[in-house]
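Only a predicted model underlies this, so the values are computations on that prediction, with no experimental measurement involved. Excluded from the calculations below are hydrogen atoms, water molecules and symmetry mates; all remaining heavy atoms, backbone and side chain alike, are included.
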Amino acid sequence: MSWQDWIPVPNLVRQAWDATKLAVATRAIKKERALVLAQKNQVEKTFKRKEAIKEVKRLFEKGDYEGVARAVLPEVVVDKSFDLVEFWWKVWDIYWIFVLLRIVFTFIPSSSGYIHPDEYFQSVEVVVGDALELETYRTWEFNVSTPLRSPSLPFALYGLPLTALKYVNWYINFNCGFNILGPYIIQLIPRITMLIMSFSVDFMIYQVCKLYKHSYNQCLTTLASSYIMLIYSTKTFSNTLELFLSSLLLYLVAHTMKRTDETVYLQELVQNSYKQADTVRDKVNIQKKRKLIPPHDFKYIIPIGLICAVGFFNRPTFVFFAFAPLFFWFQRGISTNSMFTPFQIFNFRIALMIPIILVTGSILILTDSLYFGELTLHKLWHLTMDWSDWKNAPFNFIMYNLVPGNLASHGAHPHYTHLLVNLPILLGPLAPIFVITVINWFCDILYLQWKDKPGVRTIFSLTLFSAILPIICLSLVKHQEARFLLPILPCVILMCAHKLRWKMNGWRPLLTLWYAFNILAAVWFGFIHQAGVLPIQRHISRLDHGNVPYVNLVYSHTYMPPRFPLMQPKIIGGETNLPYCNNQKTKYLVHDLGSSELSYVHNRLLALISRGDYIFKKQNKSMHTLLIIPTHLLQPFHHLVKNSLHIHLLHSHGPHVSVEALGKFEPMYWDGDGEVTTMSVVFGAIYSLQQFSLSVLNVTMGHVSTVEMGQLDNKS
C-alpha cells in the first residue's frame, strides 16, 4: 500500500472513476448482448412493427411453436424452460413419474390392497391399540412371557406420530367440535412414515452411483418403476424396514470402500515421495502432507453398528443381509504395508464394532422389557428385577424358528422356492438376468486367466455377495415367502439395471416387459388383492348400530381382518369417551372363519344368531350379526341357506379378489336359452366383474327346520 492510499480525497476520486468505468463497460456489454439476441430472434423486430400479429400467426400456422414462445416470452424464460424440459426428460427420464405414482398410491383410499396379514398384525395393529386406546388383536408374537417381536422400532416410527395426532385431535375436538382422526387417517400415518423412509433407498442408490460413476439415471428409473417401491415400500412390513436398513448399510460400506481406496493410494504416494526425498526439509513437508490425509480405518463405525443392532431387533434375519457388507467393511484397505498385520486390523474393527452393537441392543432390550410391563422403573431403581423381567425378543425369535414343527405350522416350502418362484414374483424379467449375471461372474472367476479374473474387492462384488448370500441362507429355511427377499432389491438394481436397456432393432423388449410386469403387479397388489377388507372395516365403523351392545362380524374367505379400523374403545362404556369412536357402547365380536366351507359358515351363523336370541331373552341385550363374504359366493350361499336365514345386503366394495375363493367362481357367458352370443358374452363379462367385490350383509334368523337344528346341535 502506497502513501497515496492514506490520503482520503484522491482515494475516493479514484474509486469513483473506477466505478464509472465499470458502469460504462457493463452498459456496453448489455447493449451488445441485446443486439445479438435481436439478431437471433427476428420476431422481436417484427413486434416493433404493425405486422407483429401476422408474424405470430404465420409462426403458429407453420408449427414453429418455439418461435411463438420466443416472440411472446422473454428469451431467458424460454431458454430456461427448454433447459428444464431437457433436465426432466434426458437426465431423470421418467423417474419422477414413478415417484409421483408412489406418492399417489400412498394417499388415495382406493389403494387398499392387502398383501399379507403381517402387514398389520406385526406392527400397526399393536401400536394403534396402545397409542389410541383402541381394542385390537395382539398376536401370539407379542405375548408378555416370551415375545418374538420387538415393539421399540414400530412404536418409534408409528406410535409417536399417532400419539401426537391423538392430542391434536383432542384439542381440535374440544375447541372446534370435530375430529380429524378416523380409520383412514390412522391407516395413512404409518404409510406416510414408510413413504418418507422409502426415499432413503432412492437416495442411497443415487449416492452409490455417483461414487462409482455408474448410470444413476438407469438405476433410479428401474428402482422407482419396480412395484416393490410402488407398493411394498409404503406397506408396514418389517421386511420393508429391513429393505431401508440394508440399503443404508450398503451405501455406508460402499462409501467407506471408495474413501479407503483413495486414502490408501494417497498414503502409498506420500510414502514413495518420502523415500525419494533428498533433504530433510522435503521429508518434513511430506510428513506434514501425510497428516492431512483423513483416517479411514473406522469410518462410519458408529452408524454401521447402530444399523446392525436395530436391523437385528427388527428381524433377526437381518444378519444374512448384513454379513457380506460387514465383511467388506472389515477387510477393506488391508495391506502388508501397514504397521499392523491384516489379521490384526480385521480384528480391531470387529472388536470396536461389538460394543456399539451390544450397547444399542441393551437399550432396545430395556425399552422392550419396560413395554411388556414385567420390568418397571421401580424395580430398576431398587435393583429388584430378575431374569424373567428382561425380554430378549430376537433370542426368542431364533429359538422359536429353530423348532422344525413351528416353521411347518406356517407352511413348509422346497429349498428352491426362493430361486425359482419368489425371485420371479418380485423381480419379473430382472430375475433371470440377475441369475445369469451371477453365473457369469462365477464362471469368470473359475475359468479366466488370473490377470483377467474379476476383482473380489469391488463394488460389484459387494452387491453380488450382498444379494446371493441372503438367498442361499434363507433358502435353507423351510418357510419361504417372497417378501423375505425385499432387501436384495438395491443390489440387483445396481448390478443389472443397465442390462434391461438391451436393444433389438431400436426396440428395448426387456425394458418394455419390465414396465408391463411392474404396472400389472402394482395394480394387482395395490388395488385388487384382498382390497375390500379395510374399506369394509371402515364402513362398519361408520354404521350406526343404535347402541347395540354386541355385533358379530363373521368373515368368510378373506384375510384376517385388522381390528383398528373398527374404532372400538378398549373399555366399553367407560368414563373417558374417545371422540374419534362412533360406537362407544358397541362391542365387536370378530369371527374369522378363513376359507372354511360355506356349510360351516351357515352353521356358525345359525349358532351365533341363536345365541343372540337367547341373550336377548335372558338379559334383554340385542346382538346383531354381519357377514362379510366375497360377492361371487353369495349365490351358492343363498342356495345353501334357503329360508333358514334372512340376508340383507348393506354394502359392497370392489374390486376385491380372494385368491382362496377363486375356485368357487363360476362365470356366466350364456343367455337364458343356454346359447353363447356376443351380447351374452358382453353382459356375462360385466356380471363377472361385478362379482369381484366384497359384501357385508345383515343376517337374521329365518325358518329353520328340525333337521337343520339337529345338525347344528351335532356340530356344536
Side-chain angles (χ1 to χ4, degrees), residues 114-167 181-194 197 234-242 244 310-317 364-376 390-397 400 410 483 533-534 537-538 541 553 555 559-572 578 580-581 587-590 592:
Y114 189 2
I115 300 176
H116 194 277
D118 288 350
E119 175 184 347
Y120 299 104
F121 289 97
Q122 287 185 356
S123 56
V124 175
E125 181 80 0
V126 178
V127 172
V128 170
D130 292 332
L132 302 181
E133 303 175 46
L134 297 178
E135 182 67 26
T136 56
Y137 180 71
R138 300 176 67 90
T139 60
W140 55 273
E141 295 172 302
F142 288 92
N143 67 84
V144 177
S145 58
T146 55
L148 272 69
R149 297 287 174 184
S150 171
S152 297
L153 189 58
F155 266 87
L157 294 176
Y158 319 133
L160 293 179
L162 285 173
T163 303
L165 191 62
K166 178 181 71 172
Y167 290 113
L181 266 181
Y184 171 69
I185 297 297
I186 294 174
Q187 179 189 355
L188 184 62
I189 294 302
R191 293 195 65 181
I192 292 177
T193 304
M194 301 300 286
M197 295 184 65
T234 59
K235 300 288 187 178
T236 51
F237 286 110
S238 59
N239 309 93
T240 308
L241 293 175
E242 202 171 30
F244 302 155
V310 172
F312 182 71
F313 272 76
N314 175 58
R315 284 186 68 87
T317 55
L364 292 173
I365 289 176
L366 175 63
T367 55
D368 290 349
S369 303
L370 290 173
Y371 168 80
F372 287 109
E374 293 189 3
L375 179 69
T376 61
W390 298 95
K391 308 301 177 184
N392 192 339
F395 176 78
N396 297 332
F397 180 93
Y400 175 85
H410 298 281
R483 59 191 173 94
V533 175
L534 266 76
Q537 295 286 86
R538 295 197 293 262
S541 71
L553 300 179
Y555 293 84
Y559 277 175
M560 185 167 61
R563 310 308 196 259
F564 73 87
L566 297 173
M567 305 295 289
Q568 174 185 327
K570 280 188 175 180
I571 302 176
I572 304 297
L578 302 178
Y580 41 82
C581 295
K587 183 175 182 60
Y588 296 104
L589 305 174
V590 177
D592 181 22

One should read off an interatomic distance between I365 CD1 and L370 CG, to the nearest 0.5 angstrom, of 12.0 Å
Residue pair S123 / P154: nearest heavy atoms and the distance that separates them
CB-CB, 4.2 Å
I need the minimum non-hydrogen distance between Y158 and L241, along with the two atoms involved.
OH-CD1, 4.2 Å
Measure up the Y120 and Y114 rings against each other and bin them: parallel (under 30°), tilted (30 to 60°), perpendicular (over 60°).
perpendicular
Under the side chain to side chain contact (heavy atoms under 4.5 Å, CB included) rule, what do R149 and V126 come out as? Steps first, then yes or no, please.
CA-CA 11 Å; R149 297 287 174 184; V126 178; over 6 Å; no
What residues, two or more places apart in sequence or in another chain, satisfy side chain to side chain contact (heavy atoms under 4.5 Å, CB included) together with K570?
D130, E135
Mark yes when over 12 heavy atoms from residues, nucleotides or ligands other than F395 sit less than 6.0 Å from its CZ; otherwise mark no.
no
F244 and M194, any side-chain heavy atoms less than 4.5 Å apart
yes
How long is the span from the CH2 atom in W390 to the CG atom in D368, to the nearest 0.5 Å?
11.0 Å
Considering non-hydrogen atoms only, spot the tightest contact between P569 and C581 and give its length.
CG-SG, 3.9 Å
When you compare the side chain of D118 with that of R483, does any pair of heavy atoms fall below 4.5 Å?
yes
Taken to the nearest 0.5 Å, the spacing of L589 CG from Q568 CD works out to 8.0 Å
Closest heavy-atom pair and its distance - K166, L181
CA-CD1, 3.9 Å
What are the two closest non-hydrogen atoms of S145 and N143, and how far apart are they?
OG-OD1, 3.0 Å
At what distance, to the nearest 0.5 angstrom, does CZ of F564 lie from CG of L132?
10.0 Å
Check the orientation of F121 and Y137. Use parallel for under 30°, tilted for 30 to 60°, and perpendicular for over 60°.
perpendicular
Exam field: side chain T236 to backbone V124, donor-acceptor pair closer than 3.5 Å
no
Take T139 and Q122 through the test side chain to side chain contact (heavy atoms under 4.5 Å, CB included) and record every step on the way to the result.
CA-CA 8 Å; T139 60; Q122 287 185 356; 5.8 Å; no
Side chain of R563, backbone of P561: donor and acceptor closer than 3.5 Å?
yes
Check whether any side-chain heavy atom of P147 sits under 4.5 Å from a side-chain heavy atom of F142, and report yes or no.
no
Which atom names give the shortest non-hydrogen contact between P565 and P183, and what distance separates them?
O-CG, 3.4 Å
Hey, are N396 and T146 close enough side-chain-wise for a donor-acceptor pair under 3.5 Å?
no
Could you check whether any side-chain N or O of S369 sits under 3.5 Å from a backbone N or O of K391, counting only pairs where one atom can act as donor and the other as acceptor?
yes
To the nearest 0.5 Å, how far apart are CZ in F397 and OG in S150?
12.0 Å
Should I115 and F237 count as side-chain neighbours, where that means a heavy-atom distance under 4.5 Å?
yes
Can you tell which of N314, L366, T367, L157 makes a side-chain contact (heavy atoms from CB on, under 4.5 Å) with S152?
T367
Determine whether W140 and L148 make a side-chain contact, defined as any pair of heavy atoms from C-beta on separated by less than 4.5 Å.
yes
Nearest 0.5 Å please: distance from the CD atom of E125 over to the CG atom of L134.
9.5 Å
Strictly distance-based, threshold 3.5 Å: is any side-chain N or O of K235 a donor or acceptor partner for the main-chain N or O of T240?
no
